[in-house]
Amino acid sequence: MTLPTRRRRAMAATLAAVTFTVAAPAAAQAAASAKATAAQQLSPQAQLATITWTLQRDSNPTPDQQDAYNRITAAMNAAVARYNNLSDLGKNITVRYDPGVPTADGNINGTIRFGNRSYMTERTALHEIAHTIGVGTSGRWASLTSGGTWRGAEATRLVRQYDGASATLSAGGGHFWPYGLNYDNEFSQTAADRHVSIVAAMVRDGL
């Protein structure tokens, strides 16, 4: 082996080492920069990813009121925890016990009223929270439904993931199904999780 050949190989090895040394930090810096940018982009969303609620209570509740408060609190705590665990939705909700309400109702202004005790359940709370988010109450609800079917791509993709490629998400009368939790017999842990995911997808669709 001649000396020039050795020198050429040594120089090539040195250049390769220099190239690796320079490229590795650059790649690490680029990755770190991308991660930081992603964190900055997600940060505002993460800050909004909280549903909170307060219960309007009488300062000296009757036994009837106290019993209703206890039931409503258990239902809302369970429902809000599920929404916050499975979605990035944000809403401040005010809840009250109103015996004059035959069932329960939710409004996009962020209020929920519970009347009948049989509706003071997590199933109802999930359903009414959806109304405060915009299901059946948003001005965009009608424009995202046509012929009794939800037309948004995100929620449609989810229901097809759950129920098959030909599945559709029906919408009418301010409600949706399947997974709308419109009746007690629709409730299960799986259906409740899917309900939250579909409501979040509807919001991404523009609800």
Side-chain angles (χ1 to χ4, degrees), residues 37-53 75-76 78-95 101-115 119 121-207:
T37 300
Q40 290 172 355
Q41 290 172 346
L42 289 175
S43 180
Q45 184 183 39
Q47 291 174 3
L48 293 173
T50 304
I51 291 176
T52 62
W53 74 282
M76 287 297 299
V80 167
R82 195 182 296 267
Y83 265 98
N84 287 339
N85 286 336
L86 299 175
S87 80
D88 60 0
L89 299 172
K91 192 79 180 184
N92 297 320
I93 299 171
T94 301
V95 181
V101 175
T103 56
D105 56 39
N107 192 292
I108 198 168
N109 67 9
T111 61
I112 294 176
R113 302 183 303 167
F114 287 91
Y119 291 88
T121 63
E122 182 186 0
R123 192 280 302 174
T124 303
L126 289 165
H127 178 92
E128 301 306 338
I129 289 171
H131 285 314
T132 72
I133 298 296
V135 170
T137 57
S138 166
R140 294 177 292 277
W141 172 261
S143 65
L144 285 162
T145 60
S146 176
T149 301
W150 181 263
R151 299 302 178 185
E154 289 291 317
T156 300
R157 178 187 62 78
L158 264 188
V159 78
R160 288 177 178 173
Q161 176 183 318
Y162 299 149
D163 296 338
S166 62
T168 59
L169 193 62
S170 297
H175 299 88
F176 71 88
W177 62 93
Y179 310 115
L181 303 184
N182 303 298
Y183 301 99
D184 285 340
N185 62 7
E186 296 178 17
F187 183 85
S188 69
Q189 296 301 316
T190 297
D193 286 352
R194 291 179 176 182
H195 168 86
V196 172
S197 296
I198 287 175
V199 173
M202 286 178 161
V203 171
R204 294 195 299 274
D205 281 333
L207 183 64

With side chain to side chain contact (heavy atoms under 4.5 Å, CB included) as the test, would you mind laying out the steps for M202 and I198 before giving the verdict?
CA-CA 6 Å; M202 286 178 161; I198 287 175; 4.2 Å; yes

For side chain to side chain contact (heavy atoms under 4.5 Å, CB included), just list the numbers for I112 and M76, CA-CA rounded to whole Å, side-chain angles, deciding distance to a tenth of an Å, and then say yes or no.
CA-CA 10 Å; I112 294 176; M76 287 297 299; 4.3 Å; yes

List the steps, then state whether side chain to side chain contact (heavy atoms under 4.5 Å, CB included) holds for I129 with K91.
CA-CA 9 Å; I129 289 171; K91 192 79 180 184; over 6 Å; no

Pair V199, Y83 - check side chain to side chain contact (heavy atoms under 4.5 Å, CB included), show working.
CA-CA 10 Å; V199 173; Y83 265 98; 3.9 Å; yes

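Looking at heavy atoms from C-beta onward, H175 lies in side-chain contact with H127 at the 4.5 angstrom threshold. Contact annotation: the side chain of T50 approaches that of T52 to within less than 4.5 Å [non-hydrogen atoms, C-beta and beyond].
Under the side-chain contact (heavy atoms from CB on, under 4.5 Å) criterion, A200 pairs with S87, L89, R204, sequence neighbours left out. With sequence neighbours left out, T190 forms a side-chain contact (heavy atoms from CB on, under 4.5 Å) with S188, R194. Legend: residues meeting ring pair (Phe, Tyr, Trp, His ring centres under 6.0 Å) with W141, ordered by chain and number and at least two apart, are W150. Legend: residues meeting ring pair (Phe, Tyr, Trp, His ring centres under 6.0 Å) with F114, ordered by chain and number and at least two apart, are absent. The ring pair (Phe, Tyr, Trp, His ring centres under 6.0 Å) test applied to Y179 returns Y162, not counting sequence neighbours. With sequence neighbours left out, H195 forms a ring pair (Phe, Tyr, Trp, His ring centres under 6.0 Å) with F176.
T156 contributes no side-chain N or O that, together with a main-chain N or O of A153, makes up a donor-acceptor pair within less than 3.5 Å. Put simply, the side chain of D205 gets close to the backbone of A155: a donor and an acceptor are under 3.5 Å apart. Proximity of a side-chain donor or acceptor of E154 to a complementary backbone N or O of A201 within less than 3.5 Å is not detected.
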